[in-house]
**Q** 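Take a look at the following structure, please.
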Amino acid sequence: MAKHQTPLLDQLETGPWPSFVSDIKQEAAHRAANPDGLDFQVPVDCPDDLLGVLELSFKDKETHWKHGGIVGVFGYGGGVIGRYCDQPEMFPGVAHFHTVRLAQPSGKYYTSDYLRGVMDIWDLRGSGLTNMHGSTGDIVLLGTTTPQLEEIFHDVTHKMNTDLGGSGGNLRTPADCLGKSRCEFACYDTQDLCHTLTNDYQDELHRPAFPYKFKFKFDGCPNGCVASIARSDFSVIGTWKDDIRIDQDRVKAYVAGEFKPGGGSHSGRDWGKFDIVKEVVDRCPTGCMSYDGAKLSIDNANCTRCMHCINTMPAAVKIGAETGASILVGAKAPILDGAQMSSLLVPFVVVEQPYDEIKEVIENIWDWWMEEGKNRERVGETMKRLSFQKLLEVTNTKAMPQHVVEPRSNPYIFFKEDEVPGGFAHDEKAYRQRHMR
Amino acid sequence: MAFISSGYNPDKPMEGRITDIGPRHFEEFYPPVIKKNKGEWDYHEIVKPGVLKHVALSGDVVYTVRVGAARLMSVTHIREICEIADKHCGGHLRFTTRNNVEFMVETEAALNGLIADLESRKFAGGSFKFPIGGTGACVSNIVHTQGYVHCHTPATDASGPVKAVMDEMFAYFQSMTLPAMVRISLACCLNMCGAVHCSDIGIVGIHRKPPIVEHDRLDNICEVPLAVSACPTGAIKPTKVELDGKKVNSVAVNASRCMYCGNCYTMCPAMPLASGEGDGIVLMVGGKVSNRISMPKFSKVVVAYIPNEPPRWPTLTKMVKHIVEVYAANAKKYERLGEWAERIGWEKFFELCDLEFTHHCIDDFRDPAYYTWRQSTQFKFTKHVEA
């Protein structure tokens, strides 16, 4: 028997897409039955009460979670988010319902043993509900009480050999695409870079020292499967410098229909026979490709590596051999001043252990941003306020046309004093000798 | 309930304490075929919707079955995922950025067994536990935030509208019939956790009422200067208010300058702005993060307000479905939603999609606004131009 009537939520149990309502009900029933005989460390009926408070929100069309609550584990400034219900008497099971963020392994590969270990902790010490995963990438464990936080941290570190993620004004848990592990497009080892930087910057991740949050994301190629260009302050996107590699026999095989375009990405509809000129050559944004009926040619000097030909004929057309990454800086969501994409700072960097070149860029940006950034100002906003030139200066980067889509159209140019002969000072007397008042 | 100690001793918190070890190394979790062929993949195919086949230079093959999931998952559900991984995949699995689960096997026989198993599992309410899909020219799983389930600032729910929209989009999740992939994302407020502002279709919760100012407690729980400086439009100023004959420090909100971003509430809990009547959804269209063919783009507002209609958000789901259908009928192969809208022109997009164009769709926020106004006589006549 359900603890709360949930007529509105029950309507979300119908339809084919997996129902989170059914799943929470399943968990409520599991905890009520308690087949493993656990001595639950938080209220046994918290899934029931979560359904109850959610039903109330559906009725009121307003959230019932209170603002804030500073909780955490000793020595860390991030990783736990305090959460309290604003109707604790109606829903005592979720009166205290804190979130714990766990650092996810790069690429989000798991073994069932590992996941079960985390689930055992969360069964005993938490609500039994999770997010797999949060927007930043962490495993998000939803709902526990303050006395359990140190116990969870102890279990997580001692039993699972893993750590909390980030929250607050610090480095957020970095995230990556699966990269070379299973993708032929990956231009560098996203997982290794992500893991290395995550571990090297644990202090920045757990102890807030920044004006605001800072996110790294790692995309293996310009397709951008983890959306680094849109959602990270520091976006590393794989690319290459040399020529796209073409297997002409396989190109012919695509033309002959032996390989499906896009690996079969459009096979649900009859788009007609694959037409390499129409679908690849004519769609090339730089017009740098041609096909003479037998051979595909690319003028690589004019290629911008948009991936379309590679995506469309993955067996025949491949990324170059001289691979690395571009670094872009400053993406953020709209608040406060509108959304920003990351802007290209380093067109090409070799991505190899120990990643010193990349770390130098990161640390230069941090030093500058910690000095100049205002409270709650993302680095993208600092860049906008203090200029891209300033970013170039602090990262010792020479300006180049790759940094802009087009040069400026206003001539209101700031020059440094030492760029002008004689500096900014005028010789007033000499001026007046030439000009009467 | 008896307190069960993990071994942590609160009197000596540093004793045996382990900190800053970070996540486990990813290689511990690789399926053997992945470990063996890392960096040596030759090409991939999509065998059928939701099923990828990656072929390595070594000749090894790995089949991946991608299944959609509600991001909110119970321990019981995750244990079931583990059970499937044990039964078919040697105990290995992975999650994708868009909250799908991927199961990997090495043979066709194992693949068929896995698929049959996944398709057979349903929740008690009747929905699929592990629907297969989300590859190629499809609607993939919706990336979303917490909503009413766990967040303190949402203007709409997340899990609810996602379930409602994905039920409508289900056929597109399980097929590859669209001109290109359609990425739908949902953020329950303007903070936009996740890259909602660069999605083909972005569903964004917004408030529409300026904050309540709780004068009786504001000065006790907030820093007035922080609340003032939190406002991007300068709508908040410090003020003194008389309460029960006593002057207290507080703030005043210039309502006509407020665009309800909620940043003041984030800084000051005495300025809540959630409202069952005022809150709702903005529908954004045409964003992308990929560099494929055209540059990454922000999503654009095409519907300035859709009311919150729990439990199934019928107006929202209808609009999303209609836009996807009109796009599917009109765009060229490989053309993303935003690329199509740009090619035909946004005025044509509104006409074809039967969307009302209101003054709210014209940007009025600082510099970005000017860059979106039309400085040209190149436009198309649509029904919007009268006489």
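Everything numeric in this text was worked out from a predicted model, so none of it was measured. To find a chain, count down the sequence lines: A is the first, B the second, and so on, and within it residues start at 1. Values below: all heavy atoms of this structure, side chains included; hydrogens, waters and symmetry mates excluded.
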**Q** If we ignore angles and hydrogens, is there a donor and acceptor under 3.5 Å between the side chains of Thr76(B) and Glu27(A)?
**A** yes

**Q** Given that the side chain runs from C-beta out, which part of Ala315(A) has a heavy atom under 4.5 Å from chain B: side chain, backbone, both or neither?
**A** both

**Q** Could you tell me whether Asp86(B) and Arg116(A) make a salt bridge, using a distance below 4.0 angstrom between a side-chain N and a carboxylate O?
**A** yes

**Q** Tell me, for Lys260(A) versus chain B, whether the close heavy atoms (under 4.5 Å) come from the side chain, the backbone, both or neither.
**A** side chain

**Q** Side chain, backbone, both or neither: which part of Ile229(A) has a heavy atom under 4.5 Å from chain B?
**A** side chain

**Q** Go through Arg269(A), Lys278(A), Gln41(A) and name the one with the most non-hydrogen pairs under 4.5 angstrom from chain B.
**A** Gln41(A)

**Q** Using heavy-atom distances under 4.5 Å, tell me whether Cys183(A) contacts chain B through its side chain, its backbone, both, or neither.
**A** backbone

**Q** Assess, by modelled atom type and distance only, whether the side chains of His44(B) and Glu184(A) contain a donor and an acceptor separated by less than 3.5 Å.
**A** yes

**Q** For Glu83(B), I'd like to know if atom CD has over 12 heavy atoms of other residues, nucleotides or ligands within 6.0 Å.
**A** yes

**Q** Atom CD1 of Ile293(B) and atom SG of Cys284(A): how far apart are they, to the nearest 0.5 Å?
**A** 9.0 Å

**Q** Under 4.5 Å from any heavy atom of chain A, what part of Met104(B) do you find: side chain, backbone, both or neither?
**A** side chain

**Q** Using non-hydrogen atoms only, which part of Lys374(A) is less than 4.5 Å away from chain B: side chain, backbone, both, or neither?
**A** neither

**Q** Please state whether the rings of Tyr30(B) and Tyr109(A) are parallel, tilted or perpendicular, taking 30° and 60° as the class boundaries.
**A** perpendicular

**Q** Is chain B contacted by the side chain of Gln11(A), its backbone, both, or neither, given a heavy-atom distance below 4.5 Å?
**A** both

**Q** To the nearest 0.5 Å, how far apart are CD1 in Ile34(B) and NZ in Lys180(A)?
**A** 14.5 Å

**Q** Ignoring hydrogens and angles, tell me if any N or O in the side chain of Ser127(B) forms a donor-acceptor pair with the backbone of Ser19(A) under 3.5 Å.
**A** yes

**Q** May I ask you to check whether over 12 heavy atoms, not counting those of Phe74(A), lie within 6.0 Å of atom CZ?
**A** no

**Q** When you check the gap from the basic side-chain N to the acidic O, do Lys333(B) and Glu279(A) get nearer than 4.0 Å?
**A** yes

**Q** Looking only at side chains, do Thr312(A) and Arg292(B) share a donor and an acceptor under 3.5 Å apart?
**A** yes

**Q** Please report the shortest heavy-atom distance between Val289(B) and Ala230(A), naming the atom on each side.
**A** CG1-CB, 3.6 Å

**Q** Find the one option among Ser175(B), Pro368(B), Gly160(B) whose heavy-atom pairs under 4.5 Å with chain A are most numerous.
**A** Gly160(B)

**Q** So for Val73(A), is it side chain, backbone, both, or neither that comes closer than 4.5 Å to the heavy atoms of chain B?
**A** both

**Q** Below 4.5 Å, heavy-atom pairs only: which of Val226(A), Asn161(A), Asp60(A) has the largest tally toward chain B?
**A** Asn161(A)

**Q** Between the side chains of Arg17(B) and Glu150(A), is the shortest nitrogen-to-carboxylate-oxygen separation below 4.0 Å, so that they form an ion pair?
**A** yes

**Q** Please check if atom NZ in Lys48(B) has more than 12 non-hydrogen atoms from other residues, nucleotides or ligands closer than 6.0 Å.
**A** no

**Q** Any donor-acceptor pair under 3.5 Å linking the side-chain atoms of Asn99(B) with those of His133(A)?
**A** no

**Q** Taking the basic N atoms (NZ, or NE/NH1/NH2) and the acidic carboxylate oxygens, is any pair closer than 4.0 Å for Lys38(B) and Asp189(A)?
**A** yes

**Q** Between the side chains of Thr19(B) and His206(A), does any donor sit under 3.5 Å from an acceptor?
**A** no

**Q** Only pairs of heavy atoms separated by less than 4.5 Å count here; which of Gly22(B), Gly125(B), Gly7(B) has the most with chain A?
**A** Gly22(B)

**Q** Less than 4.5 Å to any heavy atom of chain B: does that hold for the side chain of Thr99(A), its backbone, both, or neither?
**A** both

**Q** Counting heavy-atom pairs closer than 4.5 Å to chain B, which one of Leu8(A), Thr130(A), Val53(A) comes out on top?
**A** Thr130(A)

**Q** Is Arg125(A) close to chain B through its backbone or its side chain, or both, or neither, when contacts mean heavy atoms under 4.5 Å?
**A** side chain

**Q** Counting only non-hydrogen atoms closer than 4.5 Å, does His25(B) touch chain A with its backbone (N, CA, C, O), its side chain (CB onward), both, or neither?
**A** both

**Q** May I ask you to check whether Phe173(B) and Trp17(A) place their ring centres under 6.0 Å from each other?
**A** yes

**Q** Return the OH to CZ distance between Tyr334(B) and Arg283(A), rounded to the nearest 0.5 Å.
**A** 9.0 Å

**Q** Heavy-atom pairs under 4.5 Å with chain A - which of Pro13(B), Ala164(B), Cys151(B) has more of them than the others?
**A** Cys151(B)

**Q** Given the options Asp86(A), Thr198(A), Ile81(A), Leu115(A), which has more heavy-atom pairs under 4.5 Å with chain B than any of the others?
**A** Leu115(A)

**Q** Tell me, for Ile335(A) versus chain B, whether the close heavy atoms (under 4.5 Å) come from the side chain, the backbone, both or neither.
**A** both

**Q** Is the ring centre of Phe259(A) less than 6.0 Å from the ring centre of Tyr43(B)?
**A** yes

**Q** I need the residue from Met307(A), Lys25(A), Met160(A) with the largest number of non-hydrogen atom pairs under 4.5 Å to chain B.
**A** Met160(A)

**Q** With chain B as the partner, which of Asp123(A), Leu50(A), Asp23(A) has the greatest number of non-hydrogen pairs under 4.5 Å?
**A** Asp23(A)

**Q** Measure distances from Arg182(A) to the heavy atoms of chain B and classify the residue's part below 4.5 Å as side chain, backbone, both or neither.
**A** both

**Q** Heavy atoms only: give me the nearest Met176(B)-Ser265(A) pair and the separation to one decimal.
**A** CB-O, 3.3 Å

**Q** Given heavy-atom pairs under 4.5 angstrom as the criterion, report whether the side chain, backbone, both or neither of Phe40(A) touches chain B.
**A** backbone

**Q** Can you tell me which portion of Arg305(A) sits under 4.5 Å from chain B's heavy atoms? Options are side chain, backbone, both or neither.
**A** neither

**Q** Evaluate Lys318(A) against Asp42(B) for salt bridge (Lys or Arg N to Asp or Glu O under 4.0 Å), listing each step before the verdict.
**A** CA-CA 9 Å; Lys318(A) 295 185 179 298; Asp42(B) 186 4; 2.9 Å; yes

**Q** State the CE-OG distance between Met132(A) and Ser74(B), to the nearest 0.5 angstrom.
**A** 11.5 Å

**Q** Using a cut-off of under 4.5 Å for heavy-atom pairs, which of Cys138(B), Ala70(B), Ala137(B) has the most such pairs with chain A?
**A** Ala137(B)

**Q** Looking at Ser275(B), Pro131(B), Ala187(B), Ala124(B), which has the largest count of heavy-atom pairs under 4.5 Å with chain A?
**A** Ser275(B)

**Q** For ring pair (Phe, Tyr, Trp, His ring centres under 6.0 Å), just list the numbers for His67(A) and Tyr265(B), CA-CA rounded to whole Å, side-chain angles, deciding distance to a tenth of an Å, and then say yes or no.
**A** CA-CA 8 Å; His67(A) 185 294; Tyr265(B) 179 57; 4.9 Å; yes

**Q** Using 0.5 Å steps for rounding, measure from the OG atom of Ser5(B) to the NE2 atom of His154(A).
**A** 7.5 Å

**Q** Of all of Pro179(B), Gly136(B), Gly39(B), which one pairs up most often with chain A through heavy atoms under 4.5 Å apart?
**A** Pro179(B)

**Q** Nearest 0.5 Å please: distance from the OG atom of Ser229(B) over to the CZ atom of Arg376(A).
**A** 9.0 Å

**Q** Between Asp120(A) and Arg79(B), is there a salt bridge with N-O shorter than 4.0 Å?
**A** yes

**Q** I'd like to know whether the aromatic ring centres of His64(A) and Tyr148(B) sit less than 6.0 Å apart in this structure.
**A** no

